[in-house]
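Have a look at the structure below before the remarks.
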2 protein chains.
Amino acid sequence: MSNPLVRKLESYVPLSEADRLCLIDVVGPGRMVAARTDIIHEGDDPRAVSVILDGWACRYRQFINGRRQIVSFLLPGDPCDPHVFLLDEMDHTIGAITPVLLGQISGPALQAMTARSPQLDLAFHREALATAAVQREWTISLGSRTGIERLAHLFCELHARLAAVGLAEAETCPMPITQNDLGDAMGQTSVHINRTLQELRGMGLITLRSRRLTIHDPIALARLAHFDSAYLHMTEQPGRAVARRA
Amino acid sequence: MSNPLVRKLESYVPLSEADRLCLIDVVGPGRMVAARTDIIHEGDDPRAVSVILDGWACRYRQFINGRRQIVSFLLPGDPCDPHVFLLDEMDHTIGAITPVLLGQISGPALQAMTARSPQLDLAFHREALATAAVQREWTISLGSRTGIERLAHLFCELHARLAAVGLAEAETCPMPITQNDLGDAMGQTSVHINRTLQELRGMGLITLRSRRLTIHDPIALARLAHFDSAYLHMTEQPGRAVARRA
DNA sequence: CGGCTGGTTGATTGGTTTCAACAAGCGTGG
DNA sequence: CCACGCTTGTTGAAACCAATCAACCAGCCG
């Protein structure tokens, strides 16, 4: 399997063979983090950037009353910087959903790399913009979309992002999250997620079974969700252009 | 009145007199944008960054069904880049709420400035982090906070951000937005905002009248909102440290 | 003064939560 | 091997929060 960070950055900007090799070299083999544990690295270089190489994680905030809000999902290829520059206390946590293979790019290495390659610099820049756009889109989902639209939009987003790193086929992708996680992400109870899922199934749009999502009608799903992949800022690739302006 | 961009960046990193003068020089006098119009600049340098020098604006998405979702408010001192690098179509719009005075920093000028001053570079970097944190906090608000908590949190956020640029007094600040705007931001109807406002007033926490917000009990308001100003990443300043870990 | 925008109120509807119970799948230890 | 406990998914009924619809009021401006 090719390096997901390379795949992801290439979805923004074409990279040279040298760029690819440099990236792979700098990230290293990574270390494992167990599922359902927090990804924290107290003693790490605060200017380093961690990268998900395999598995799923999420950013979340835990409230005292037990409620948990997931603010984004982190997929293979995603950089995660819970504490860049260690400004002050962390305002949120990053937790592994599945077992996660975590790479790390040291601050100096990152700086040297982007100074040498304008392509890589642009790619990292666009990655940051895309991440911000995803966060805005979540705000829009939670504020303006109905329960079923929200869930449909999340599935569209995750499928598109997984496809960008080669982890999704045309109509199916892994989905290793529980209905409880979905509820914590969508600001709803797992009970209601369950009912909404049944509605989506009943409409013949998706199947979600044994940690795998199948989208039977991508266009209808995107239309229902008001999903337009433009905000992900990925360059078009064959087989992934299905759901634009649907 | 001192330049709000300078004030804002100084809330992250102390700046030298040279930094300040350079910033003011580069931003220029700015141009006016009428209230209730969109801030767009088709022909502008796509690598330039616009900055709100006076007035309020907001990022929003307009849906075909008429619904509008505001995803953030832009206050004096805030950079706004609806189209950085013009990746593809814009995924959202920036609209002026009040009349807005808009400055602009050209791409080369910005690059030269941050290359020369590590302080300025760090300040812009932290500004971006803080903006991302604000966006996450909105996701949390819309997903996990009740109507009254949401509104309370927004008031805490706006007051803190205005205070950082010297536009708020201890317990009062301008609030030039309608209940309709509040509804579009909080994912609720203006009718319900109205009722929630009455509840906040009834609890003796705030007064909102003639475009001005007065917070009678900042600590109680922050506690109600689960507001902790840490996520804004501003360095502590006397008179603004009221609502941390409340 | 009329017309408009922004704010307020009441009654009804509907989407979600809550509470509670139960079924299915799975790993583990007796 | 099966029993057990635990997590995850599913279902039903009642309570509740917020949307909707529809008026009406106040202030402002041309």
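In what follows, chains carry the letters A, B, and so on, assigned in the order in which the sequence lines appear, proteins first and then strands, with residues in each chain numbered from 1. Worth knowing before you read on, the calculation uses all heavy atoms, side chains too, and leaves out hydrogens, waters and symmetry mates.
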So [X], base contact, sugar-phosphate only, or nothing? Heavy-atom distance under 4.0 Å.
X: A/Gly183; answer: nothing
X: B/Arg145; answer: nothing
X: B/Arg201; answer: sugar-phosphate

Roughly, in whole Å, what's the span from [atom1] in [X] to [atom2] in [N]?
X: A/Ile148; N: C/dG15; atom1: CD1; atom2: P; answer: 11 Å
X: B/Asn65; N: D/dA19; atom1: CG; atom2: P; answer: 14 Å
X: A/Leu182; N: D/dT10; atom1: CG; atom2: P; answer: 11 Å
X: A/Leu151; N: C/dT16; atom1: CG; atom2: C1'; answer: 14 Å
X: B/His192; N: D/dC21; atom1: NE2; atom2: C1'; answer: 16 Å
X: A/Leu197; N: D/dT8; atom1: CG; atom2: P; answer: 15 Å
X: A/Asp184; N: C/dT17; atom1: CG; atom2: P; answer: 11 Å
X: B/Asn194; N: C/dG6; atom1: CG; atom2: P; answer: 14 Å

Axis-to-axis angle between the two ends of the helix from C/dC1-D/dG30 to C/dG30-D/dC1 (five base pairs per end, rounded to 10 degrees):
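For the helix from C/dC1-D/dG30 to C/dG30-D/dC1, the axes at opposite ends meet at about 30°.
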Look at [X] and [N] and indicate whether a side-chain polar atom (N or O) is within less than 4.0 Å of OP1 or OP2.
X: B/Thr189; N: D/dA18; result: no
X: A/Arg211; N: D/dG9; result: yes
X: A/Gln179; N: D/dT10; result: yes

Nearest nucleotide by nearest heavy atom, which residue falls closer to the 5' end of DNA chain C, B/Ile177 or B/Arg195?
B/Ile177
By nearest heavy atom, map B/Arg36 and B/Val191 onto DNA chain C; which one lands nearer the 5' end?
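By nearest-heavy-atom nucleotide position, the 5'-most residue is B/Arg36.
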Whether A/Asp181 and A/Arg36 form a salt bridge (side-chain N of Lys/Arg under 4.0 Å from carboxylate O of Asp/Glu) is what I want to check.
yes
Quick one: list whatever passes side-chain contact (heavy atoms from CB on, under 4.5 Å) with A/Gln62, sequence neighbours left out.
A/Tyr60, A/Arg68
CA sep, side-chain torsions, deciding dist, call: A/Arg7, A/Asp78, salt bridge (charged side-chain N to carboxylate O under 4.0 Å, His left out):
CA-CA 10 Å; A/Arg7 302 270 323 226; A/Asp78 285 342; over 6 Å; no
Applying side chain to side chain contact (heavy atoms under 4.5 Å, CB included) between B/Leu53 and each of B/Val27, B/Leu102, B/Val100, report the one that passes.
B/Val27
What residues, two or more places apart in sequence or in another chain, satisfy ring-ring contact (aromatic ring centres under 6.0 Å, His included) together with B/His153?
B/Phe227, B/Tyr231
